[in-house]
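What follows is a set of notes on a single structure, which appears directly below.
Note that this is a predicted model, so its numbers are computed, not measured. So that the names make sense, note that chain A is the first sequence line, chain B the second, and so on, each numbered from 1.
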There are 2 protein chains.
Amino acid sequence: MITLTEENYIKAIYHLSKHGKEMVSTNALAEAMSTKASSATDMVKKLAEKNYVDYKKYQGAILTESGSTIAINVIRKHRLWEVFLVDKLHFSWDEVHELAEQLEHIKSQKLIDKLDAFLGHPTHDPHGDPIPDKHGDFTFIDKITLAQAQINATYKCVGVNDSSSEFLQYLNNNKIELGTKIEVLHKEAFDSSIKIKVNELEMVVSNSVAQNLYIQKT
Amino acid sequence: MITLTEENYIKAIYHLSKHGKEMVSTNALAEAMSTKASSATDMVKKLAEKNYVDYKKYQGAILTESGSTIAINVIRKHRLWEVFLVDKLHFSWDEVHELAEQLEHIKSQKLIDKLDAFLGHPTHDPHGDPIPDKHGDFTFIDKITLAQAQINATYKCVGVNDSSSEFLQYLNNNKIELGTKIEVLHKEAFDSSIKIKVNELEMVVSNSVAQNLYIQKT
DNA sequence: ATAAATTTTTAGATTAGTCTAAAAATTTAT
DNA sequence: ATAAATTTTTAGACTAATCTAAAAATTTAT
């Protein structure tokens, strides 16, 4: 039986390894888990023993097939619960992450299947992140960051890179949500800030905002 | 911060003390928690230290006001989740207990408030047990067991005492659910079995079934 | 009312996950 | 290429929750 802590480490390794297939260092893992390197080492050894990761001393860890399956399943649960919280319980998209962190550990395949059906088999969560299907397959969409947009083109918002509540609340304040139409008017050479038109209103966003907003040509 | 284990012990103490106000012995608690008496002693000491119970050596434990509040809140969450699982996800009433045991530990007052509203502020769970409101108040309904029924009277099913999946499946097999009309035809003096008419069909139920089925005069 | 049976507590050990501090290996810089 | 800096691991200790075995208290039975 896998423990809650093991599951969280596996999820962190998955995210740090960029969808599963590069080595993750002990320090990076410790940082992500808000713990000390020594704890990460211990855990990685345990995960290796259980065959969830391959681990080489001083080199880092990488998920095995079985570890990857676990990670993807946790991510699936996390994102389905987020959809539930936003679509059914009317939470705002900036409130759901912590709750989904708890709900993702509920163990029941049947529950997830039924929740998935109840929600209409959504392919993306409230932040635009893809929800793996029950076979673990993701639907990737073609997206770029606002920072990469062409001038005078029109896009729609399809996701965020940073889904911290601070960033999401910034977007809320500016009435930007998934699907919002964005016209790119001008890019300032000096600081890479971008002038856009959203909801009939012109505004300027910093480069750091632009880097974290995913858009798609309409 | 209260741990998951502490919360489960508090819930067990609540149930064993019959709605909160009689002493619970260490042995009874250990039995309910499927653990050893020594573990129950240790935990009860810890709960006493945190002021969730009053504990006297060799005499047992009883919930304090704050312990009782915690217990009732966990029960509220458990029963609301059961309603969600049955009403929204279409689980059968015999499948939801274990899942609710997991879901009841999700920590978020806002989630519970929103779930409660989403479900239409239900007063009873799928087994007929009352759901405490957000102030911790229960709506008790006037009910008796089928074993206490009068001959030739008509009742409806309003709950179960034993909500094990075995018993619930027995009821499923006989098309008895909450609200089902039950006519009491005859009581056998020898073994206290009862002949009833349900869904136009006559059947005999054992005393042990009758003791576990709650009914109300129609 | 005293012995026997039962219940409860204590003592000491174990496991999971964490920590600090120190040692070892690796990487970076001169 | 060797020293300095950094990263990683090891060693030993701590807490929460559990266990077994033994001691202590209480209850039951004669």
Side-chain angles (χ1 to χ4, degrees), chain A residues 1-18 22-63 66-67 70-71 74 101-102 104-105 107, chain B residues 1-18 22-63 66-67 70-71 74 101-102 104-105 107:
Chain A
M1 188 36 69
I2 191 167
T3 69
L4 190 147
T5 310
E6 288 169 353
E7 221 168 65
N8 279 329
Y9 270 92
I10 288 173
K11 187 177 51 142
I13 294 169
Y14 182 87
H15 286 306
L16 290 170
S17 69
K18 310 279 170 213
E22 55 185 65
M23 282 279 183
V24 172
S25 78
T26 302
N27 253 15
L29 183 55
E31 161 84 27
M33 294 299 295
S34 310
T35 187
K36 296 300 157 74
S38 54
S39 305
T41 301
D42 285 351
M43 181 53 78
V44 151
K45 282 187 192 168
K46 185 153 69 118
L47 294 177
E49 206 136 292
K50 293 190 173 188
N51 262 294
Y52 298 134
V53 303
D54 291 326
Y55 166 62
K56 290 261 160 51
K57 265 195 195 184
Y58 294 100
Q59 292 183 213
I62 189 166
L63 291 176
S66 104
I70 289 168
V74 173
E101 290 281 305
Q102 295 184 59
E104 72 188 8
H105 298 293
K107 282 175 188 24
Chain B
M1 187 36 69
I2 191 166
T3 69
L4 190 149
T5 310
E6 288 169 354
E7 220 168 66
N8 279 329
Y9 270 92
I10 288 172
K11 187 177 51 142
I13 294 169
Y14 182 88
H15 286 306
L16 290 169
S17 69
K18 309 278 170 212
E22 55 187 64
M23 282 280 184
V24 172
S25 79
T26 302
N27 252 15
L29 184 54
E31 161 85 27
M33 294 300 294
S34 308
T35 186
K36 295 300 157 73
S38 55
S39 305
T41 301
D42 285 350
M43 180 53 79
V44 151
K45 282 187 192 168
K46 185 153 69 118
L47 294 177
E49 206 137 290
K50 294 191 173 189
N51 262 295
Y52 298 134
V53 303
D54 291 327
Y55 166 62
K56 289 262 161 49
K57 266 194 194 183
Y58 295 100
Q59 290 182 215
I62 189 165
L63 290 176
S66 104
I70 289 168
V74 173
E101 290 282 303
Q102 295 184 59
E104 72 189 8
H105 298 293
K107 283 176 188 20

Measure the distance from CE on A:M1 to C1' on C:dA16 and round it to the nearest whole Å. 16 Å
Could you give the CG-to-P distance, from A:N27 to C:dT26, as a whole number of Å? 15 Å
Nearest-nucleotide comparison on DNA chain C, the residue closer to the 5′ end among A:Y58 and A:E6: A:E6
Pairs under 3.5 angstrom, nitrogen or oxygen only, protein versus nucleotides 3-6 of chain D, please.
none

Would you mind reporting whether B:Y52 and B:I2 have side-chain heavy atoms less than 4.5 Å apart? yes
Roughly, in whole Å, what's the span from CD in A:E49 to C1' in C:dT15? 13 Å
Nearest atoms (heavy-atom pairs only) where B:M33 meets B:A12: SD-CB, 3.7 Å
Round to the nearest Å and state the distance from A:M23 atom CE to D:dT8 atom C1'. 14 Å
Validation row: A:V53, A:Y9 side chains within 4.5 angstrom (heavy atoms): no
Applying side chain to side chain contact (heavy atoms under 4.5 Å, CB included) to B:T41 and not counting sequence neighbours gives B:T26, B:K45, B:Y55
Can you check whether A:K11 reaches A:E101 side chain to side chain, under 4.5 Å on heavy atoms? yes
Closest non-hydrogen contact found for A:I13 with A:V24 is O-CG2, 3.7 Å
From CD of B:E7 over to C1' of D:dA16, roughly how many Å is that when rounded to an integer? 16 Å
Results of salt bridge (charged side-chain N to carboxylate O under 4.0 Å, His left out) for B:E7 - residues two or more places apart only: B:K107
Does A:Y55 have a side-chain nitrogen or oxygen under 4.0 Å from the phosphate oxygens OP1 or OP2 of D:dT9? yes
Phosphate-side-chain proximity, A:K57 and C:dT26, N/O vs OP1/OP2 below 4.0 Å: no
Check the pair A:I62, A:K56 against side chain to side chain contact (heavy atoms under 4.5 Å, CB included), reporting the backbone distance first and the verdict last. CA-CA 9 Å; A:I62 189 166; A:K56 290 261 160 51; over 6 Å; no
Looking at every non-hydrogen atom in both residues, tell me the closest pair between B:I10 and B:G67 and how far apart they are. CG2-O, 3.4 Å
When pairs are called at under 3.5 Å and a stem needs at least three consecutive Watson-Crick or G-U pairs, the stems of DNA chain D are C:1-30 with D:1-30
Does D:dT9 have OP1 or OP2 under 4.0 Å away from a side-chain N or O of A:T26? yes
Taking every non-hydrogen atom, the tightest pair across A:K50 and A:E6: NZ-OE2, 2.9 Å
Kindly point out which of C:dT18, D:dA25, D:dA16 is positioned nearest to the side chain of A:T5? C:dT18
In chain order, what residues pass the salt bridge (charged side-chain N to carboxylate O under 4.0 Å, His left out) check against B:E31, with sequence neighbours excluded? none
In terms of heavy-atom contacts, A:N51 and A:S66 come closest through O-OG, 3.5 Å
Do any of residues 30-43 of chain A sit with a heavy atom less than 4.0 Å from DNA chain C, and if so which? A:T35, A:K36, A:S38, A:S39, A:D42, A:M43
What's the NZ-P distance between A:K45 and C:dA16, to the nearest Å? 14 Å
Whole-Å distance, B:K56 NZ to D:dT26 C1', equals 17 Å
In whole angstrom, what separates B:N8's CG from D:dA16's P? 17 Å
